[in-house]
Enquirer: 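If you scroll down you'll find the structure; I have some questions about it.
Both counts, for ligands and for their atoms, begin at 1 and track the order of listing. When a residue number appears, it is its place in the shown sequence, counting from 1.
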Amino acid sequence: MDKILILDFGSQTTQLIGRRIRELGVYAEIIPGDAAVTDETLADVKGIILSGSPESVYSPDGEVPDQRIYSLGLPLLGICYGIQRMTVDNGGTVEALPEREYGSLEVNLTVPDDPGKLAGGDAAAAFFSGFDGTVPLDAIRGSTAAKSKPGASFSINSWMSHGDTITKLGRGFRQFGTSLHGAPAVLVHEERPWFGVQFHPEVTHNERGTEIIAGFVFGVCGCKPGWSMEQYIEEVRASLGQRVGANPVLLLISGGVDSTVAGALLLKTLNPDQVHLMYMDTGLMRKNETETVRVNLERLGAKHLHIIHCENEFLSALKGLTDPEAKRKAIGDLFITIQEREVTRLGLPDSYFLAQGTLYTDLIESGKGIGKKAHLIKSHHNVGSPLVDAKRKAGRIIEPLDRLYKDEVRSLGRILGIDEDVVRRHPFPGPGLGVRILGEVTKEKCDILRDADAIYIEELKKRGLYDEIWQAFAVLLPIRSVGVAGDVRKYSWVLALRAITSDDGMTADVYPFSMKDLLEISTLITNTVTDIGRVTYDISSKPPATIEWE
Ligand SMILES: Nc1ncnc2c1ncn2[C@@H]1O[C@H](COP(=O)(O)OP(=O)(O)OP(=O)(O)O)[C@@H](O)[C@H]1O
C-alpha cells in the first residue's frame with residue numbers, strides 16, 4: 001500500500017497532515033523529525049512531508065532530518081519549518097521576521113510558462129493544480145493527474161504561523177508564490193520533485209489546503225488510494241493471525257468507544273473462541289451501561305464475556321473519602337487489584353496475549369516532540385499495573401487500533417456493526433461517576449446521578465444536540481439547598497450540567513444552549529429525580545476550568 005511519510009518537527013498541526021492524507025484514502029505515517037530514515041521506514045513510501053515546528057531552524061532545539069532524504073530521489077514537501085529546513089540544508093538562509101506572521105494571509109502564485117521544465121517532469125504542473133480554484137479535488141485525485149495551465153495566476157487565503165522567513169533560497173529552488181507581506185510562500189526545485197509552502201495547508205481555514213496536499217500526494221508522488229477500513233481489517237487479520245496464533249487474547253472493556261471497537265475487531269479477525277473480554281461493573285458506570293456492553297458484545301459474537309460485579313468493593317474503598325486525589329487513587333488501586341485477581345481466576349495459560357485499545361494519537365504525544373514518546377501507553381488505569389508490565393516484558397501486548405485516529409476508529413466501529421449509540425459516545429473518565437460526585441461517593445448518590453445524567457443525555461439526543469457537543473454530563477454537587485415539595489420545605493441535592501465543544505479536549509468552550517432547552521431539561525430532571533431540587537449550568541471554559549470537575 002502506497003504510503004506518505006511525515007517527519008514531525010513538533011508542530012501542533014502535524015497530526016492534521018496525517019489525517020488529511022488518510023481522508024484522501026492514502027496511508028500516512030508520522031515519525032520524529034530527526035529519526036533515522038531506514039530502508040524499513042521507507043518501505044512503500046512514495047513521498048516525504050517535513051512538518052512545521054515551534055522551533056527556529058537555527059535554534060539548538062530545531063531538529064535536523066536524516067540528510068539521506070535528499071538523496072533518495074523521493075518527492076519532498078516542506079511545510080513552514082519544513083521548507084525552511086530544506087532551504088538551510090541546501091545552502092539558503094532563514095532569518096527572524098520583525099513580527100510573526102500569524103493567521104489568515106493572502107498568497108499569490110503564478111505558474112511559470114514552462115512548468116514541465118521544473119521538478120523533473122510533470123510534477124510541478126500537478127502540484128500547481130492544487131492552487132487552481134477551477135480544478136476540483138476529484139480531478140486531482142483522478143488517475144491522470146490534473147495539471148495547471150502554464151502562466152496562470154492564483155490567489156488563496158492561506159493560514160500562516162511562523163516567526164522566521166526565507167531570505168535566500170536553497171540551491172536549485174525557485175519562488176512562485178509570495179505572501180501579501182512579500183515573503184516567499186511557494187517554492188519549487190528546478191530539477192528535483194521538491195516543494196515547499198510557508199503556510200499550513202493541513203489547517204481547514206487554509207483555502208485549497210486539501211487540494212494542495214492532494215496535488216502533492218497524487219499528482220507528484222503518484223499515490224494510489226489504498227487506505228480504507230476494510231483494508232485495515234484484512235491487514236489486522238493477517239498480522240494478528242501470525243502473531244497470536246491459537247493463543248487466547250484478553251481485552252479489558254470499559255464500555256467506551258476504543259475498547260469496544262478493539263473488542264469487535266478481535267472478534268472479527270480471530271476465532272471468537274480465543275477472545276476473552278472482561279468488563280468490571282464498578283458501580284460507578286452510567287445507567288444501563290453494563291447491559292449495553294453485554295448486549296453489544298454478545299451480538300458481535302463474544303463467547304467469553306466476563307462481567308465482574310464489584311460495586312460493593314468500590315463503594316467500600318471510597319467510603320469516607322472526599323479528597324479528589326484520594327478518590328482517584330482508591331479507584332485506580334482497586335481497579336488493578338481486581339484486574340489481577342480476576343485474570344488469575346480466569347486461569348488463562350501463560351501464553352495469552354493482552355489487548356489494549358491504544359490509538360495512534362495515544363502513541364504520539366501532542367505538542368513539541370510528537371513521536372518522541374512513541375510507544376508510551378495510554379490508559380491511566382493500566383499505568384504501573386503489574387499485569388500489563390509483565391505482558392509487555394514478555395512481548396505479549398497487542399494494540400490492534402494503534403494506527404488509527406479517533407474518527408477512523410468510529411468508522412471502523414460502524415463497519416464492524418457496533419451500535420451507533422456506542423460509536424458516537426462522548427468520552428467518559430476512567431474513574432467514572434466517582435469523579436462526578438463531588439465529596440463522598442455513596443450508592444444513593446450514584447443512583448441519583450445516574451438517573452439525572454441519563455435524562456440529560458437522552459434529551460440532548462432527542463433534541464439533536466448530542467453530536468454537536470464534545471462532552472456532556474451531570475455532576476452531583478456536595479450541597480443540599482432548600483426547596484418546596486407540596487407545602488413542605490425540603491433540602492435536596494444540587495446538580496450541575498456541563499456541555500462543552502472542543503476539537504481535541506485540550507481546550508474547550510461552553511456549549512451555548514438555548515435558554516428554552518436548558519429550562520426544559522432542568523424541569524424534567526427535577527420532576528423525575530425528586531432528590532434533586534436545583535439544577536445549574538456550568539458556564540466555564542477550559543482554561544481556566546477543566547472539563548471534569550475533579
Ligand atoms: N470498567 C472497566 N472494566 C474493564 N476495563 C476497563 C474499565 N474501565 C477502563 N478499562 C480499561 O482501561 C482502559 C483505559 O480506560 P479509559 O477510561 O482511559 O478509556 P479510554 O482510553 O477512553 O478507552 P475507552 O474508549 O475504551 O473507554 C480501557 O480501554 C479498558 O481497557
Enquirer: Any ion pair linking E520 and K516 (charged N to carboxylate O, less than 4.0 Å)?
Expert: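 Yes.
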Enquirer: Which ligand 1 atoms does M285 reach within 4.0 Å, using its non-hydrogen atoms?
Expert: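 This gives 1 (N) as the contact atoms.
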Enquirer: Return yes or no for this condition: an N or O of F335 is under 3.5 Å from an N or O of ligand 1.
Expert: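 No, there is no polar N/O contact under 3.5 Å.
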Enquirer: Have a look at S254, C310, A262 and point out the one with the heavy atom closest to atom 27 (O) of ligand 1.
Expert: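 Residue with the shortest heavy-atom distance to the ligand atom: S254.
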Enquirer: Quick one: ring pair (Phe, Tyr, Trp, His ring centres under 6.0 Å) partners of Y27, sequence neighbours excluded?
Expert: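 Y27 satisfies ring pair (Phe, Tyr, Trp, His ring centres under 6.0 Å) with W227 once adjacent residues are dropped.
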Enquirer: Just wondering, more than 12 heavy atoms not from K542 lying within 6.0 Å of its NZ?
Expert: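 Yes, the 6.0 Å shell around NZ holds more than 12 heavy atoms from other groups.
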Enquirer: Is there at least one pair of N or O atoms, one from D258 and one from ligand 1, spaced under 3.5 Å apart?
Expert: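 Checking ligand 1 against D258, an N or O pair does fall under 3.5 Å apart.
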Enquirer: What atoms of ligand 1 come within less than 4.0 Å of a heavy atom belonging to S259?
Expert: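 What qualifies from ligand 1 is 24 (P), 26 (O), 29 (O).
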Enquirer: Using 30° and 60° as the class boundaries, would you call the ring planes of H200 and W159 parallel, tilted or perpendicular?
Expert: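 The arrangement is perpendicular - the two ring planes meet at more than 60°.
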Enquirer: Does NZ or CZ of R286 come closer than 6.0 Å to the centre of the six-membered ring of F428, within 45° of the ring's axis?
Expert: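 R286 over F428 ring: yes.
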Enquirer: Parallel, tilted or perpendicular, judged at 30° and 60°: which one describes the rings of F513 and Y511?
Expert: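 Judged by the thresholds at 30° and 60°, the geometry between F513 and Y511 is perpendicular.
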Enquirer: If we count only N and O atoms by modelled type, under 3.5 Å, do the side chains of S11 and S51 hold a donor and an acceptor together?
Expert: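 No, because no side-chain N or O of S11 sits under 3.5 Å from a partner of the opposite role on S51.
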Enquirer: Check for me whether R436 meets the cation-pi criterion with F473, that is, NZ or CZ under 6.0 Å from the six-membered ring centre and within 45 degrees of the ring axis.
Expert: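 Yes - R436 lies over the ring of F473, closer than 6.0 Å to its centre and within 45° of its axis.
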Enquirer: Could I get the full list of salt bridge (Lys or Arg N to Asp or Glu O under 4.0 Å) partners for R534, not counting sequence neighbours?
Expert: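 R534 satisfies salt bridge (Lys or Arg N to Asp or Glu O under 4.0 Å) with no other residue.
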Enquirer: Under 3.5 Å between some N or O of ligand 1 and some N or O of Y279?
Expert: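 Between Y279 and ligand 1, no N or O pair is found under 3.5 Å apart.
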Enquirer: Quick one: look at M278 and ligand 1, take heavy-atom pairs under 4.0 Å, and tell me if it's side chain, backbone, both or neither.
Expert: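 The part of M278 near ligand 1 is the backbone, not the side chain.
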Enquirer: Quick test of your reading of the structure: of I253, L251, T282, whose heavy atom lies closest to atom 5 (N) of ligand 1?
Expert: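 It is I253 that holds the nearest heavy atom.
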Enquirer: Judging by distance only, is a nitrogen or oxygen of K406 under 3.5 angstrom from one on ligand 1?
Expert: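 It does not: no N or O of K406 is found under 3.5 Å from an N or O of ligand 1.
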Enquirer: Could you check whether any heavy atom of R425 sits closer than 4.0 Å to an atom of ligand 1, since that is the contact criterion I want to use?
Expert: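 In this structure, R425 fails to qualify as a contact of ligand 1 - no heavy atom is under 4.0 Å.
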Enquirer: What atoms of ligand 1 come within less than 4.0 Å of a heavy atom belonging to G430?
Expert: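 Matching atoms, with element in brackets: 17 (O).
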Enquirer: Please work out whether any backbone atom (N, CA, C, O) or any side-chain heavy atom from C-beta onward of D281 is under 4.0 Å from ligand 1, and answer side chain, backbone, both or neither.
Expert: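 Neither part.
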Enquirer: Taking both backbone and side-chain atoms of L252, is any N or O found less than 3.5 Å from an N or O belonging to ligand 1?
Expert: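 Indeed, backbone or side chain, L252 has an N or O that close.
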